[in-house]
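Structure first, then comments.
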2 protein chains.
Amino acid sequence: MLDRVEARLLVVDDEPNIRELLSASLRLSGFEVVTAVDGREAMQFAERIRPDLVVLDVMLPDMDGFAVAGRLREMSGQMPVLFLTARDGTDDKVAGLRVADDYVTKPFSLEEVLARIRAVLRRTRGDLDLPARLQVGDLELDEEAHQVWRSGVPVRLSPTEFKLLHYFMVNSGRVLSKAQILDHVWNYDFGGDAGVVESYVSYLRRKVDTAEPRLIHTLRGVGYVLRPPHSD
Amino acid sequence: MLDRVEARLLVVDDEPNIRELLSASLRLSGFEVVTAVDGREAMQFAERIRPDLVVLDVMLPDMDGFAVAGRLREMSGQMPVLFLTARDGTDDKVAGLRVADDYVTKPFSLEEVLARIRAVLRRTRGDLDLPARLQVGDLELDEEAHQVWRSGVPVRLSPTEFKLLHYFMVNSGRVLSKAQILDHVWNYDFGGDAGVVESYVSYLRRKVDTAEPRLIHTLRGVGYVLRPPHSD
DNA sequence: GGAAATGTTCAGCTTCGGCTGAGCTTCGTT
DNA sequence: AACGAAGCTCAGCCGAAGCTGAACATTTCC
């Protein structure tokens, strides 16, 4: 996951915090990232670096995100775009963009953004390096179908449970601290403490990790790991 | 580990004790270190020396560590940052920055800081001089998985045992005094005496060094060494 | 608008790791 | 061989970390 450049991304947002948050964590996930603060810069950089995908805030100081998307597409046939929008659905333009590509509402969780980016790249590049189906031990997770099996038996998970398990599976074999989990799986504006992670790990265990050998391990004082059965 | 400049670091903290502690021990570990006391100086020096990584206290007298990080990145595309933060998670700014790169909470142990610095450099430079998996004799330690094997058999270690073994392995073949071990493996505010080191060496031996040939040796009146089997 | 599902907090309980101190062993010196 | 210093190990205490059930809040979906 980390050692390879998965794709080149252009991140466009005028809020520095969001820009930093996205660019840093996308880099950590192996993407090459360039950032722009407004539409003008976005066009400039896009021309220069020819990104595989653009992450684009709908509200920009100088021009409308849709206008930017339009001009990006004029420039290069079909440039995939992932829009970032405010949560309140009052904006009627949002209806239109539902169709266009894909979008994520603010405040988002990093897991959400990463999942969408991978989905878009999978579609537009037929990229099989980014498999839609994850497997660890006898646990299987299908991103597109949004479904999980343990030993072939389907398991019903709530959205948060699903995101948490997904995060575990993408990082299987790697220790994840509660803070790290909180930062990736929960929305970036979540104010609560890490206790909620404990709760959800508990739920997850109950639903997918009741049988031996156990896959989710607690490392006291460190965090959690999802470990495939043979390697422990 | 010692004979080569691993990387150039900029350490930014207004507390002289922390600054000295870090810069001295980072130099001993082979890094080239420049220090700054506030954000203004940090920007100045960063421009001049182009560090490979910045160790940055979140609370600075003149500006927010976050702001400094932002301006550092503006200056040089992607400048990796390791944040130092206070333990209490009540600071709401922390929520955002946790994600950004990596962070260590005060009071830290030097082992912790060094491990994080190496991890960040490994990621950002694809640096394979700094392997994630250590090996001495038939002892293996995986930092990411936070796991240890002896002769291929997994061993469960507590966090402190793990840090101690890690310190031994990074310094294998080198004699380490109890004071040195205390300074590196325990938090800098630890008040206790060196007896605790004896205890933990004892625990470690029981868990990973029961079989011949023994790897952990006592040098009476001097300290301990982890020595690979052939070279003694 | 109401029911069901999901998300979050909290408190009681359990488990585990960190540390200490005491008693014992080993080592080196005379 | 005898002594003291250094090191080893163990039992036990304490507090921190983690688990889970239940209460409460919020959202979603009919």
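By convention in this document, chain letters (A, B, ...) are assigned in the order of the sequence lines, proteins followed by strands, and residues within each chain are numbered from 1. Side chains are part of it too, since the values below use all heavy atoms of this structure and drop only hydrogens, waters and symmetry mates.
Rounded to whole Å, atom C1' of D/dT9 lies 16 Å from atom CG of B/Asp209. The distance between atom NZ of B/Lys207 and atom C1' of D/dT9, rounded to the nearest whole Å, is 15 Å. The nearest whole Å value for the distance from the CZ atom in B/Arg220 to the C1' atom in D/dA5 is 7 Å. Between the CG atom of B/Leu176 and the P atom of D/dG7 there is a distance of 14 Å, given to the nearest Å. Atom P of nucleotide D/dC19 and atom CZ of A/Arg205 are separated by 5 Å, given to the nearest angstrom. In this structure, CD of A/Glu161 is placed 14 Å from P of D/dT20, rounded to the nearest angstrom. Atom C1' of nucleotide D/dT27 and atom CZ of A/Phe190 are separated by 15 Å, given to the nearest angstrom. The NE2-P distance, from B/His217 to D/dG7, rounds to 16 Å in whole Å.
First and last contacting nucleotides of DNA chain C toward chain A (any atom under 4.0 angstrom from a heavy atom, 5' to 3' order): C/dT6 to C/dG17.
In this structure, B/Phe108 has its ring center no closer than 6.0 Å to that of B/Trp186. Close placement of the B/His146 and B/Phe162 rings is indicated, their centers lying within 6.0 Å of each other.
Remark: A/Asp13 engages A/Lys106 in a salt bridge, criterion side-chain N to carboxylate O under 4.0 Å. At a threshold of 4.0 Å, the pair A/Arg122-A/Glu143 counts as salt-bridged, since one of the basic side-chain nitrogens sits closer than that to a carboxylate oxygen.
Nucleic acid contact for B/Phe162: none, since no nucleic acid atom lies under 4.0 Å from a heavy atom of the residue. Among the protein residues, A/Gly221 comes within range of the sugar-phosphate backbone only, with heavy atoms under 4.0 Å from sugar or phosphate atoms but none that close to a base.
Enclosure of atom CZ in B/Arg156 is not indicated, since only 12 or fewer non-hydrogen atoms of other residues, nucleotides or ligands lie within 6.0 angstrom.
The phosphate of D/dT20 (OP1 or OP2) has a side-chain N or O of A/Ser202 nearer than 4.0 angstrom. An OP1 or OP2 oxygen of D/dG21 is reached within less than 4.0 angstrom by a side-chain nitrogen or oxygen of A/Arg206. The shortest distance between the side-chain N/O atoms of B/Lys178 and the OP1/OP2 oxygens of D/dA6 is not below 4.0 Å. Taking side-chain N and O atoms only, B/Thr218 has a distance below 4.0 Å to OP1 or OP2 of D/dC8. Listed pair A/Tyr200 / D/dT20 fails the phosphate criterion, with no side-chain N or O lying under 4.0 Å from OP1 or OP2.
A side-chain donor-acceptor contact under 3.5 Å links B/Asp138 and B/Ser151.
Ring-plane geometry between B/Phe168 and B/Tyr224 is classed as perpendicular, the angle between the planes exceeding 60 degrees on a 0 to 90 degree scale with a lower cut at 30.
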